[in-house]
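Encoded as structure tokens, the structure appears first; notes follow it.
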Amino acid sequence: MTQPAAAERYPSFEAFYPYYIHEHSNRTCRRIHVVGTGLVIVALILAIVTLNPWWLLAMPLIGYGFAWVGHFFFEKNRPATFKYPLWSLMGDFRLFFETASGKRKF
């Protein structure tokens, strides 16, 4: 799976997602992403239930913390977040829900 040329970008999220999945081919990295995204959802729920905004501040720390550990220590690549921040975030949640629904192996 290759990226577009340096000056080009993926034209859509659907075009980007196969690249996203390829960049998460290490099973441990994928698992860490899924756990991190699940904890982000828990933090959001806690923020709503407790009305404590500190949980909202914790969300990016939790999400990026887990994801970057997966990439730097297991996948040994650079997170797509740096070039595709929104699509990378969308990919994290799609990966989470595909895994939670059984469509993708944990």
Side-chain angles (χ1 to χ4, degrees):
M1 174 67 36
T2 60
Q3 289 192 52
E8 297 176 9
R9 294 183 54 82
Y10 286 102
S12 67
F13 175 72
E14 290 306 315
F16 167 79
Y17 193 63
Y19 167 73
Y20 173 91
I21 291 299
H22 178 265
E23 293 294 292
H24 297 83
S25 57
N26 179 280
R27 190 174 188 181
T28 302
C29 179
R30 278 196 317 275
R31 287 178 173 176
I32 290 172
H33 271 64
V34 169
V35 170
T37 303
L39 290 174
V40 165
I41 293 168
V42 168
L44 176 61
I45 292 167
L46 287 169
I48 293 168
V49 170
T50 66
L51 299 176
N52 184 340
W54 288 106
W55 287 110
L56 298 176
L57 294 174
M59 289 170 58
L61 297 174
I62 295 166
Y64 288 125
F66 273 75
W68 292 356
V69 164
H71 282 286
F72 294 130
F73 294 103
F74 297 98
E75 196 74 55
K76 308 259 194 263
N77 64 13
R78 188 170 184 253
T81 303
F82 298 121
K83 189 167 182 181
Y84 298 95
L86 179 60
W87 287 351
S88 181
L89 180 64
M90 291 167 59
D92 290 341
F93 280 95
R94 182 168 170 181
L95 175 65
F96 175 83
F97 288 111
E98 285 177 351
T99 304
S101 70
K103 184 177 178 183
R104 191 169 297 280
K105 284 188 173 184
F106 185 68

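- Residues A80 and Y19 share a closest heavy-atom pair of CB-CE2, 4.3 Å.
- With sequence neighbours left out, F82 forms a ring pair (Phe, Tyr, Trp, His ring centres under 6.0 Å) with W68.
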Table please: side-chain donor-acceptor pairs of residues 32-41 below 3.5 Å, with sequence neighbours left out.
unit_1: H33; atom_1: ND1; unit_2: C29; atom_2: O; d: 3.1
unit_1: H33; atom_1: NE2; unit_2: H24; atom_2: NE2; d: 3.1
unit_1: H33; atom_1: NE2; unit_2: H71; atom_2: NE2; d: 3.3
unit_1: T37; atom_1: OG1; unit_2: H33; atom_2: O; d: 2.9

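- Applying the 6.0 Å contact sphere to CZ of F73 captures no more than 12 heavy atoms from other residues, nucleotides or ligands.
- Not counting sequence neighbours, N26 has no partner by the side-chain hydrogen bond (donor to acceptor under 3.5 Å, both in side chains) test.
- Ring geometry, F13 versus F16: the interplanar angle falls from 30° to 60°, so the pair is classed tilted.
- Here the closest heavy-atom approach between residue E75 and residue H22 is recorded as OE2-O, 4.4 Å.
- Going from atom CG of L89 over to atom OH of Y84 covers 16.0 Å, rounded to the nearest 0.5 Å.
- F93 and F106 fall within the same hydrophobic cluster, defined by Ile, Leu, Val, Met, Phe, Trp and Tyr side-chain heavy atoms under 4.5 Å apart, directly or through other members.
- Looking at residues two or more places apart in sequence or on another chain, you find a salt bridge (charged side-chain N to carboxylate O under 4.0 Å, His left out) between R104 and E98.
- Closest non-hydrogen pair, R30 versus S25, comes out as NH1-O, 3.0 Å.
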Identify all side-chain donor-acceptor contacts of residues 44-67 below 3.5 Å with residues at least two apart in sequence or on another chain.
unit_1: T50; atom_1: OG1; unit_2: L46; atom_2: O; d: 2.6
unit_1: T50; atom_1: OG1; unit_2: N52; atom_2: N; d: 3.2
unit_1: N52; atom_1: OD1; unit_2: W54; atom_2: N; d: 2.9

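- By the 4.5 Å heavy-atom criterion applied to side chains, R9 and K83 are counted as neighbours.
- A search for side-chain hydrogen bond (donor to acceptor under 3.5 Å, both in side chains) contacts involving T99 returns nothing, not counting sequence neighbours.
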Practice task
For ring-ring contact (aromatic ring centres under 6.0 Å, His included), just list the numbers for Y17 and Y20, CA-CA rounded to whole Å, side-chain angles, deciding distance to a tenth of an Å, and then say yes or no.
Solution key: CA-CA 5 Å; Y17 193 63; Y20 173 91; 5.7 Å; yes

